[in-house]
Amino acid sequence: MAEASDTAPSETCARAIEVRGTVQGVGFRPFVWRLAQRFGVAGRVRNVNGVVQIRAEGEQQDVEAFCEALRSEAPPLAVVGEVTWDGVETSGAVGFEVDSSLGGAEGERFVPPDASTCPACLEELFDPNDRRYRYAFINCTDCGPRFTIIEDLPYDRERTCMSVFQMCEECSREYLDPANRRFHAEPVACPKCGPRLTLWDTSGRETLGDPIEAAAALLGDGKILALKGLGGFHLACSAIDDAAVSELRWRKSRPDKPFAVMIRDLEAARGLFDMSRDEEELLGSRIAPIVLVRDKGGLAPSVAPGHRRQGAMLPSTPLHHLLLRETDLPLVMTSGNLSEEPICIGNDEARERLGGLADAIMTHDREIVARYDDSVMLISDGRPRVFRRARSLAPSPVELPAEVAPVLGCGAELNATFCLASGRNAFLSQHIGDFDSEEAERAYTDALACYRRLFGIEPEAVAHDLHPDFLSTRFAERTGLPSVPVGHHHAHIAAVMAEHQLPGPVIGVAFDGFGLGDDGTAWGGEFLVCDWKGATRAGRLRQVRQPGGDAAVRDPARMALAHAMDAGVLEEAAELLGEGASAASVVEAQVSSGLGSPLTSSAGRLFDAVSALAGVCRLATYEGQPAMLLEQAAEVGAIPEYPFGVEDEGGVLVLDTRPMIAAIVGDLSRGIGPGSVAGRFHRTLVSAVLEICRITRGGTGIDTVCLSGGVFQNELLTSNVVASLAACGFQVFVSEKVPAGDGGISLGQVLVAHGKMEE
Ligand code: ZN
Ligand code: ZN
Ligand code: FE
């Protein structure tokens, strides 16, 4: 008698599966192999043009569970996009095989970013019995360099700068074993066969002995070390040795701009910084970015003068781990360059450019293919925001809200990036630095060549800033491709629309230092009504003269005098600033004649003016310094707000700053402290933004607001503007994955170019 079973044996089935996304170079094939073992599924897996193709055969329920797990259990560095399959004939296959990659230039191509050392590798790194004990180049499929070593796709060792290192027997065994953590870990290496560290003195002579120990001793001695990181050289010194930090500032010509600090681990970081759980998590993530956190005062004062927040990061490479444990000091870690130049990557280049800056150079014989700074992030209202998008973030694509034809966004000038887009993918480049020198131009064109090669995108059009003199604009012209000029502030807002997939129209509030407007004047405090195609100026800050043009950026007292003159309180302001009558009269003459002193509606320049008036920052040595210090100085609860006006000038709402400036000068003259004034100034701007957005909503019915521009990296301003708009029923979006500053411009340009070309 046949027994009836309530679990009927399930049918055998076979599926041809395709997985898209960032699935190359992240250990995806070995992961598939392991799943196949677990579910008893037979078949094979391979990479074809960046798509993982799988043939899976087995019991129906096992194949189903296998498919489910492809997404739900994907390895940490993978970004699984689409998983699709077709049923196919079963073939009676046994076993599961991993085939090598196939492919050329067709199809979508993704490159995983570099990832910080994983816990398993870290354990081996400090295990005296491991064959990679204290080996500075340990890595596996879950961690290590990717983008910084890849010369071309598909991602295999022969197309990386590791190809010159012949794997030893033991390494090849690991590399070829699907059950091993290092199966197809392309940069796999060991002390026997891989790259080697060296320490040079300034004359380029190799020092004997253990380079890590020697370097740590130098650092303990207050010396400055150049060291080759993942994407370029860093300069390092002890972050608790004020003399060393000051010396580094002097040599690097960087008088005030805050330095980032690397701490050996989370435990040590807790001793130095006051961090939320979100901040700790971000700090310890695979991105291992610089996170802006509140300082407890344990570091040398010259690390971040005037700042309550410090840029902190944990070690992201084995070399950093080794060095930080050896010194047991928090280390200043800043890019190896003179101020704002692109980061240095080559060994010869390092000798030449860093020889005078460092007391010793720690380097190695693995080449850096792509130049990469550290990423900078911050947690705002519980959400991570990117200020500088570089290591471990780029070149992951930003998903666009529409399919676009191949297009290149050339970016702006400061904190330059470009954006190469096609279909729904926008490959926003890593932060390149200020695009204002030949050096920067080389870094920009190198990176662009690399992106074109890797992602196989040949742009059919270029989008660029309206400013004719930006090197990025000239670069766009030289390509000879059809070009689309895009307003600077429109691009800022479009970047937010791209990131948050907004079709528009939206009210865009774009506050920054400077961008050329479509009327040929300097903009920077703008309210736009815009979609992807176009933007209309709905409001702006009142224009004032910028005495001496760019010179006023370095000398914020000039903006203070210009605003004071506009508000009719020049004399009182000059007294506050301690400027002699002559300085005031020079500015007065510049403002009256307008000579070399253009009108500007810039919010950044307004911050400069208030910062100088309040005595918070009288001279600026880095971009945004007066505004950043004003934010730091602000007393958060300070009330009441200052008076301001909003007037309609020919259909454009103008925020009249004069009553506020007059009141600020009055307060300061009466001896009211800068903290209170700074706090009330922030509060006033929040109200003014809300007011103009409400009037604009009344006229247009639009209740979606996007905030962008460098001024919205100001956390105090941003969180309060967001809260007050939200409380009035607005839907508010800010830059999160992409910098609010000019680093996001190229992404916005791409979306606007698409909008205009669709027309
Ligand atoms: Zn690892
Ligand atoms: Zn080896
Ligand atoms: Fe800007």
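All figures in this text were calculated on a predicted structure; none of them were measured in a lab. All ligand and atom numbering here is 1-based and tracks the order in the structure.
- The shortest side-chain heavy-atom distance between Trp523 and Gln543 does not fall under the 4.5 Å cut-off.
- Not a single N/O/S atom of His489, whether from backbone or side chain, sits less than 2.8 Å from the Fe ion (ligand 3).
- Remark: the backbone N or O of Ser735 is not paired with any side-chain donor or acceptor of Glu499 at under 3.5 angstrom.
- With respect to Arg132 and Glu174, a salt bridge is recorded, a charged nitrogen being found less than 4.0 Å from a carboxylate O.
- When you scan the N, O or S atoms of Asp512 for the one nearest the Fe ion (ligand 3), you land on OD2.
- Cys171 contributes SG and Cys190 contributes SG; the angle these two atoms make at the Zn ion (ligand 2) is 110°, rounded to 10°.
- Judged purely by atom type and a 3.5 angstrom limit, Arg157 uses its side chain to pair as donor or acceptor with the backbone of Glu186.
- Vertex the Zn ion (ligand 1); arms to Cys118 atom SG and Cys121 atom SG; angle 110° (nearest 10°).
- Shortest distance from the Fe ion (ligand 3) to Asp742 is reached at OD1 (N/O/S atoms only).
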Verify salt bridge (Lys or Arg N to Asp or Glu O under 4.0 Å) between Arg34 and Glu73, making sure each step is shown before the conclusion. CA-CA 11 Å; Arg34 285 194 300 272; Glu73 297 179 28; over 6 Å; no
